[in-house]
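Report on one structure; see the data block that follows.
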Amino acid sequence: QVQLVESGGGLVQPGGSLRLSCAASGIILNRYAMGWYRQAPGKQRELVATITSGGSTNYVYSVKGRFTISKDNAKNTVYVQMNSLKPEDTAVYYCNATDIRMSYWGRGTQVTVAS
């Protein structure tokens, strides 16, 4: 019954912004560490940003200062605000929820940064 549904992807010009959302059902969000991953064509999936149940955040170096992960426990939703987007950010972005026993994945949303 656990489901993670990403939304907010699309086409944006370099330097532009997007906000992705991940709506969770079947779990209580404040019991999980949440993360955003991405996979670009021909490349391995990489961890982009995480937020713990307590609200601590971490980012891959390439997005520091540009991306911000946040969550709203009442809405059971996690977000990533992506600013100053670069063509290298083009990828399918996936939402992840992890606790001690289990890990869950969304199906992804496409982000394309191009002129």
Side-chain angles (χ1 to χ4, degrees):
Q1 295 282 43
V2 176
Q3 190 172 28
L4 304 176
V5 180
E6 302 95 336
S7 62
L11 174 64
V12 65
Q13 290 184 281
S17 298
L18 285 174
R19 188 183 73 161
L20 306 183
S21 299
C22 172
S25 60
I27 62 171
I28 300 174
L29 197 64
N30 65 3
R31 297 180 180 177
Y32 289 79
M34 305 298 298
W36 287 96
Y37 291 71
R38 67 185 180 188
Q39 187 166 23
K43 296 185 178 180
Q44 298 288 91
R45 186 174 298 186
E46 68 169 342
L47 179 62
V48 176
T50 60
I51 184 165
T52 68
S53 60
S56 297
T57 60
N58 286 102
Y59 302 89
V60 67
Y61 182 82
S62 62
V63 310
K64 286 183 178 179
R66 301 189 298 120
F67 289 14
T68 303
I69 187 171
S70 62
K71 63 178 180 178
D72 186 333
N73 288 331
K75 296 181 178 179
N76 241 37
T77 301
V78 63
Y79 308 92
V80 58
Q81 176 69 43
M82 306 187 297
N83 298 326
S84 301
L85 283 161
K86 304 175 180 180
E88 308 93 89
D89 296 317
T90 296
V92 177
Y93 284 72
Y94 298 89
C95 181
N96 172 266
T98 299
D99 71 0
I100 294 173
R101 302 178 66 86
M102 296 293 296
S103 185
Y104 304 97
W105 292 91
R107 292 187 175 184
T109 185
Q110 176 71 49
V111 172
T112 302
V113 184
S115 298

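- Scanning all heavy atoms of the two residues, the minimum distance from V12 to L18 falls at CG1-CD1, 4.0 Å.
- A distance of 5.5 Å separates CD1 of I69 from CD1 of I51, quoted to the nearest 0.5 Å.
- Of all the heavy atoms in A91 and A40, the pair that sits closest is CB-N, 3.8 Å.
- Under the 4.0 Å criterion applied to side-chain N and carboxylate O atoms, E6 and R107 are not assigned as salt-bridge partners.
- The structure places CG of N76 at 6.5 Å from CD1 of I27, a figure rounded to the nearest 0.5 Å.
- A donor-acceptor contact shorter than 3.5 Å links the side chain of K71 to the backbone of S53.
- Formation of a donor-acceptor pair under 3.5 Å by the N58 side chain with backbone atoms of T50 is not found in this model.
- Listed here is the closest heavy atom pair of A24 and L29: CB-CD1, 4.2 Å.
- Taken from CD in Q44 to CD in Q39, the straight-line distance is 7.0 Å, to the nearest 0.5 Å.
- The distance from atom CE of M34 to atom CG of D99, rounded to the nearest 0.5 Å, is 11.0 Å.
- At least one side-chain heavy atom of Y32 sits less than 4.5 Å from a side-chain heavy atom of Y104.
- Checked against side chain to side chain contact (heavy atoms under 4.5 Å, CB included), V5 has the following partners two or more places apart in sequence or in another chain: Q3.
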Show the numbers, then the answer: is there a side chain to side chain donor-acceptor pair (under 3.5 Å) between S17 and N83? CA-CA 4 Å; S17 298; N83 298 326; 2.9 Å; yes
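- No side-chain heavy atom of M102 sits less than 4.5 Å from a side-chain heavy atom of V2.
- V80 is not listed as a side-chain neighbour of R38, based on a closest heavy-atom distance of 4.5 Å or more.
- Interatomic distance, CZ of R45 versus CH2 of W105, reported as 5.0 Å (0.5 Å rounding).
- Two different hydrophobic clusters hold Y37 and Y93 under the rule that ILVMFWY side chains link at heavy-atom gaps under 4.5 Å.
- With a 4.5 Å cut-off on side-chain heavy atoms, E46 and V60 count as touching.
- The structure places CG of L4 at 10.5 Å from OG1 of T77, a figure rounded to the nearest 0.5 Å.
- Closest approach of W36 and V78 over heavy atoms only: CZ2-O, 3.8 Å.
- Residues passing the side chain to side chain donor-acceptor pair (under 3.5 Å) test with T98 are N96, S103, sequence neighbours excluded.
- With hydrogens and angles ignored, the 3.5 Å screen pairs a side-chain donor or acceptor of T90 with a backbone N or O of V113.
- Under the side chain to side chain contact (heavy atoms under 4.5 Å, CB included) criterion, V92 pairs with Y94, Q110, sequence neighbours left out.
- Counting heavy atoms from C-beta outward, Y79 and C22 have side chains that stay 4.5 Å or more apart.
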